[in-house]
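These notes are about the structure you will find just below.
A note on names: the letters A, B, ... follow the listed sequences, proteins ahead of strands, and every chain is numbered from 1.
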Amino acid sequence: MIVTLLLEKTVEAVKELYGYSVEPDKINLEKTSKEFEGDYTIVVFPLLRISRKSPEITGKEIGDFLKQSFDYIESYTVIKGFLNILLSDRYWINLFLENYNKQDYGRSEPIEDAPVIIEFSSPNTNKPLHLGHIRNNLLGYAVASILEANGNKVIRMNLVNDRGIHICKSMLAYIKWGNGEDPSTSGIKGDSLVGKYYVRFNEEYKKEINELILKGYSQEEAEKRAPVLLEAQEILRKWESGDPGTIQLWRKMNGWVYKGFEKTYARLGITFDHVQFESETYLLGKELVKEGLEKGVLAQKPDGSIWADLTNDGFDEKVLQRSDGTSVYITQDIGTAQQRYDHYHPSRMIYVVGNEQNYHFDVLKSILKKLGRNWADLIFHLSYGMVELPSGKMKSREGTVVDADDLMDEMCETAGKITTELGKAKDLPDPEAGELFNSIGLAALKFFILKVSPKKNMTFDPVESIDFNGNTGPFVQYTFARIRSLLKKSGIPVSEINMDGDENSLVLMKSERELLKYLALFPEVIRDAANDLNPSFVTNFCYETAKFFNQFYQEVPVLKESDQAKRLFRLCLSMFTGNTLKSGMSMLGITLPDQM
RNA sequence: GGUCCAGUAGCUCAGUUGGAUAGAGCAACAGCCUUCUAAGCUGUGGGUCGUGGGUUCGACUCCCGCCUGGAUCACCA
């Protein structure tokens, strides 16, 4: 790497010139900012103490030394305290020659290491997926792909929250008001149908609470005593005790939901390597709770409920098992974690879960450690911000959510409309046109969500938020389509486009240089995105790359260039850009059409 | 109230070991299609980086206080 070489030589320069040994990491080397000529900049201020000379003279002396030690340094300038180093075209061209036709450019060799488990999606089976889940799924899938590109072995894990009071609520409402309808008789997608009964439950629940308050109960009291809630709790007890009728209904309704989810995942382009069900891990969790109780690290109250006292860790007491013996949410998480650890001996366990559960994961780790599981430190909660609507927070209880299926439909419809308005894709036959609109609509949605740093909350206006111009998925797709068009029109089969060795006379145009310099960053971008588990680095890289390409495309002719060496170089540079975009966007789960 | 996260242009967002004049897109305005896809390119306007201190040659970035917004502290998941 040129950066390490420059650092080493600078250290040497300081030693030679001023007789002082500095650590390489003390040298301030960065990319030259746009307004100045140069590729890398050494900030000389920190070195003045050593040189005991003015910034200008120090910069010049180091600059001279470096220029003499490197063939690749074209020139340097010292402005104020900044030594700007300009690399020769040769350097960039060599870098280009090494990588332009590599399909796996930027990706790392697989590391021989224990796998990283990444859990995402984790839907509840009482309602369809909504906008919040979309962010979760896209983030999880992208992070997994980025880790793979970084050389990690990855296991994409989905944990289905298929049991608990929430599904009992839907079941109860279905028993009471369902009249035996099912997805085929009603024509409603399975997950939506179950969701309908979840909303119905909450309507009844609210009504009963209000009635009880009129009778003189406090709000809190009313919430606990509402008859439908008591009935739902009864169903949960029956379920945990294995009541056949309850289990049968539960299976049936969950089956509808899974069919529905399958469609939504397929549309989103999400797949998993392994699926866990809470109903299969909560018993292990209960066992661990029992173990903790026997060891004396957990405590039982007179009513039978079991608690962890975490006040020494800065948390409150946490209930792990209700007085009626049923388990709570965190109980299954304890079992799930244990199962994952035993089964995979992973190097890390990443959980992609919203920031509303920050406390939950702190508590989970704390409890696992209390139980003597030191591997709790392998757990990392990848916490992301909420997606809010202009009208405020989404509440599935009240049905004020943006449904994932509806949203995708709308995006693709809009994509089709815009494409038609622009007069494009006229010659495409029907099924392919549909695929194209799908690709564009989903690209817009995915890119919009993934370009935001995971940690941040985001507001999403279904009407106005998503654009097809500017910093968007379709912009990158369009750029790619332009590149494909160039390659196609060159008349050379893509697999045979190659430099022919006549590149010695090349002088780079500004836009060629800028583009090439930026493409050179891709390996670094993947590494940073993997380290920070942040797909927005890749998203922004793809956008900037496309922008640099469009500037290049606008400034210089490719196929119309008369000089053969230049024409071929530009064609290969375009192909290099295309490969890189395709690779980057595929990590985000975004497909790039050849034509649009 | 405790804890955690966030606050950058009218709007949506970049800005990562502290570096030069804080950047994009959208929206507004002005240009560029007889020339490789105008979903593009070029330009103009728009900022007390929430706020007040501190550290430093240098702070959007680090430290402290305050303000605002969000999350959370359930025998919900």
Side-chain angles (χ1 to χ4, degrees), chain A residues 25 28 30 32-36 41 43 45-46 48 55 79-82 84 122 124 126 161 163-167 169 224 233 278 301 303-307 314-316 318-324 326-330 332-333 354-360 362-363 383 385-386 388 393 415 418-419 421-422 424 440 444 448 451-453 455-461 464-472 474-479 481-486 488-490 528 531-532 534 536-537 539-540 543-544 546-547 550-551 553-561 570-571 574 595-596:
Chain A
D25 58 348
N28 208 328
E30 52 200 51
T32 304
S33 59
K34 250 195 239 157
E35 313 88 75
F36 300 93
T41 294
V43 186
F45 288 114
L48 299 184
I79 300 166
K80 293 188 203 166
F82 299 89
N84 299 320
S122 319
N124 293 339
N126 61 332
N161 295 317
R163 46 134 272 134
I165 191 74
H166 57 285
I167 177 71
K169 289 175 180 174
K224 281 184 187 167
Q233 285 169 340
E278 196 188 318
K301 292 197 173 172
D303 64 2
S305 56
I306 301 176
W307 296 74
F315 309 117
D316 296 324
K318 178 75 193 172
V319 67
L320 299 180
Q321 192 169 301
R322 298 190 187 98
S323 51
D324 66 2
T326 57
S327 64
V328 294
Y329 177 58
I330 200 162
Q332 66 77 23
D333 254 342
N355 62 13
E356 59 201 352
Q357 295 198 34
N358 287 354
Y359 181 78
H360 170 79
D362 288 341
V363 166
S383 160
M386 301 285 93
E388 281 160 21
K393 230 197 136 180
I418 292 178
T419 307
E421 269 170 22
L422 289 172
K424 308 220 174 191
I440 296 173
F448 180 85
K451 77 178 174 187
V452 180
S453 282
K455 254 208 249 172
K456 291 203 176 178
N457 287 358
M458 57 190 296
T459 37
F460 182 90
D461 187 332
E464 285 175 18
S465 270
I466 294 203
D467 212 325
F468 290 74
N469 299 312
N471 187 352
T472 66
F475 170 82
V476 179
Q477 289 182 311
Y478 178 70
T479 307
R482 272 182 154 177
I483 292 171
R484 298 299 296 188
S485 168
L486 278 179
K488 196 172 154 196
K489 285 188 176 160
S490 74
D528 290 348
N531 288 341
D532 278 23
N534 186 344
S536 77
F537 293 171
T539 320
N540 288 316
Y543 170 65
E544 293 291 338
K547 204 158 165 54
N550 283 324
Q551 280 162 8
Y553 181 88
Q554 206 82 24
E555 188 190 314
V556 302
V558 179
L559 299 176
K560 308 244 161 184
E561 170 61 49
R570 288 173 190 164
L571 194 62
S574 302
Q595 186 195 332
M596 70 183 271

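The CD-C1' distance, from Gln332(A) to C75(B), rounds to 16 Å in whole Å. Rounded to an integer number of Å, the gap from His166(A) NE2 to A77(B) C1' is 6 Å. Remark: C1' of U34(B) and NZ of Lys560(A) are 11 Å apart, rounded to the nearest angstrom. In this structure, CD1 of Ile483(A) is placed 15 Å from C1' of A39(B), rounded to the nearest angstrom. U72(B) atom P lies 16 Å from atom CZ of Phe315(A), rounded to whole Å. Atoms CD1 (Ile165(A)) and P (C75(B)) sit 14 Å apart, rounded to a whole Å. Following rounding to the nearest Å, Glu421(A) (CD) and A38(B) (P) show an atom-to-atom distance of 18 Å.
Comparing U51(B) with U8(B), their C1' atoms are spaced 14 Å from each other, to the whole Å. Rounded to whole Å, the separation between the C1' atoms of C57(B) and U72(B) comes to 43 Å. If you take atom C1' in G31(B) and the same atom in C67(B), they sit 45 Å apart, rounded to whole Å. When the P atom is used for both A9(B) and C5(B), the distance is 22 Å, rounded to whole Å. Nucleotides G15(B) and C75(B), compared at atom C1', are 46 Å apart to the nearest Å. Spacing between G65(B) and A27(B) at atom P, rounded to whole Å, works out to 43 Å. Rounded to whole Å, the separation between the P atoms of C29(B) and C62(B) comes to 39 Å. G19(B) and A59(B) are spaced 11 Å apart, taking the P atom of each and rounding to whole Å.
Phe45(A) comes within contact range of at least one nucleobase, with a heavy-atom separation under 4.0 Å. As judged by a 4.0 angstrom heavy-atom cut-off over every strand, Gln477(A) is placed among residues making no nucleic acid contact.
Here the closest heavy-atom approach between residue Val319(A) and residue Trp307(A) is recorded as N-CE3, 3.5 Å. Considering every non-hydrogen atom in both Glu356(A) and Met386(A), the closest pair reads OE1-SD, 3.7 Å. Across every non-hydrogen atom of Thr419(A) and Ala415(A), the tightest pair is OG1-O, 2.6 Å.
Here Lys547(A) reaches the OP1 or OP2 of G25(B): one of its side-chain N or O atoms lies under 4.0 Å away. Not one side-chain nitrogen or oxygen of Arg163(A) sits closer than 4.0 Å to the OP1 or OP2 atom of C76(B). For A77(B), the OP1/OP2 oxygens have no side-chain nitrogen or oxygen of Gln357(A) closer than 4.0 Å. For the pair Arg570(A) and C36(B), the criterion of a side-chain N or O lying under 4.0 Å from OP1 or OP2 is not met. Between Lys455(A) and A6(B) there is a side-chain polar atom (N or O) within less than 4.0 angstrom of OP1 or OP2. Contact check, Lys456(A) against A14(B): a side-chain N or O comes under 4.0 Å of OP1 or OP2. Regarding contacts with the backbone of C5(B), every side-chain N or O of Asn457(A) stays at 4.0 angstrom or more from both OP1 and OP2.
Asp333(A) and His360(A) form a side-chain donor-acceptor contact under 3.5 Å, judged by distance and modelled atom types alone. Asp467(A) and Thr472(A) form no side-chain donor-acceptor contact under 3.5 Å, judged by distance and modelled atom types alone.
Residue Arg322(A) places its side chain closer to A77(B) than to any other of A77(B), A14(B), G70(B). When distances are taken from the side chain of His360(A) to each of A20(B), G25(B), A77(B), the shortest belongs to A77(B). For Asn469(A), counting side-chain heavy atoms from C-beta on, the closest listed nucleotide (C4(B), C36(B), C26(B)) is C26(B). Of the listed nucleotides (C36(B), U21(B), C75(B)), C36(B) has the atom at the smallest distance from the side chain of Leu559(A). Listed nucleotides A24(B), A39(B), C4(B) differ in distance to Asn358(A); the shortest reach to its side chain belongs to C4(B). Between G19(B), U37(B), A74(B), one nucleotide has an atom nearer to the side chain of Arg482(A) than all others, and that is U37(B). Comparing atom distances between the Val43(A) side chain and each of A14(B), A77(B), G19(B) picks out G19(B) as nearest. When distances run from any side-chain atom of Glu388(A) to the nucleotides A77(B), G70(B), G15(B), the shortest one goes to G70(B). Comparing A39(B), U12(B), C36(B) by their closest approach to the side chain of Ile440(A) singles out A39(B). If you check G15(B), G19(B), A77(B) against the side chain of Asn161(A), the one that comes closest is A77(B).
Taken to the nearest 0.5 Å, the CD1 atom of Ile440(A) stands 4.0 Å off from the CE atom of Met596(A).
Nucleotide G1(B) has C73(B) as its partner under the Watson-Crick or G-U criteria, with both atom distances under 3.5 Å. When both distances must be under 3.5 Å, the Watson-Crick or G-U wobble mate of G7(B) is C67(B). Nucleotide A28(B) forms a pair with U44(B), judged by Watson-Crick or G-U wobble geometry with both contacts under 3.5 Å. A14(B) is unpaired under the Watson-Crick or G-U wobble criterion, no partner having all donor-acceptor distances under 3.5 Å. In this structure C60(B) sits in no base pair that meets the Watson-Crick or G-U test at under 3.5 Å.
The base of U16(B) sits within donor-acceptor range of the side chain of Asp532(A), with an N or O pair under 3.5 Å. Donor-acceptor pairing under 3.5 Å, judged by distance alone, is absent between the side chain of Asp333(A) and the base of A77(B). You'll find a donor-acceptor pair under 3.5 Å spanning the side chain of Thr41(A) and the base of A20(B), going by distance alone. Evaluation of atom-type donor-acceptor distances gives a pair under 3.5 Å for the side chain of Lys424(A) against the base of U37(B). For Ser536(A) against A14(B), a side-chain-to-base donor-acceptor contact under 3.5 Å is absent. Residue Ser485(A) places no side-chain atom within donor-acceptor reach of the base of C36(B), judged by atom type and a 3.5 Å distance cut-off alone. One cannot find a donor-acceptor pair under 3.5 Å joining the base of G40(B) and the side-chain atoms of Asn550(A).
Taking for each of Lys34(A) and Asn124(A) the nucleotide of RNA chain B with the nearest heavy atom, the 5'-most of the two is the partner of Lys34(A). In terms of position on RNA chain B, the residue among Val319(A) and Leu422(A) whose nearest nucleotide sits closer to the 5' end is Leu422(A).
Ring planes of Phe475(A) and Tyr543(A): tilted class, angle from 30 to 60°.
G40(B) has no stacking from Tyr478(A) on its base ring, since the centres under 5.5 angstrom apart and planes within 30 degrees of parallel are not both found. Between the side-chain ring of Phe475(A) and the base of A39(B), no stacking contact exists by the 5.5 Å and 30° definition.
Base orientation of C63(B): anti, the glycosidic angle falling outside 90° of 0.
Counting heavy atoms from C-beta outward, Leu559(A) and Leu486(A) have side chains that approach closer than 4.5 Å. Counting only heavy atoms from C-beta outward, the side chains of Ser574(A) and Arg482(A) never approach each other to under 4.5 Å.
Separation of the Phe448(A) and Phe460(A) ring centroids falls under the 6.0 Å cut-off.
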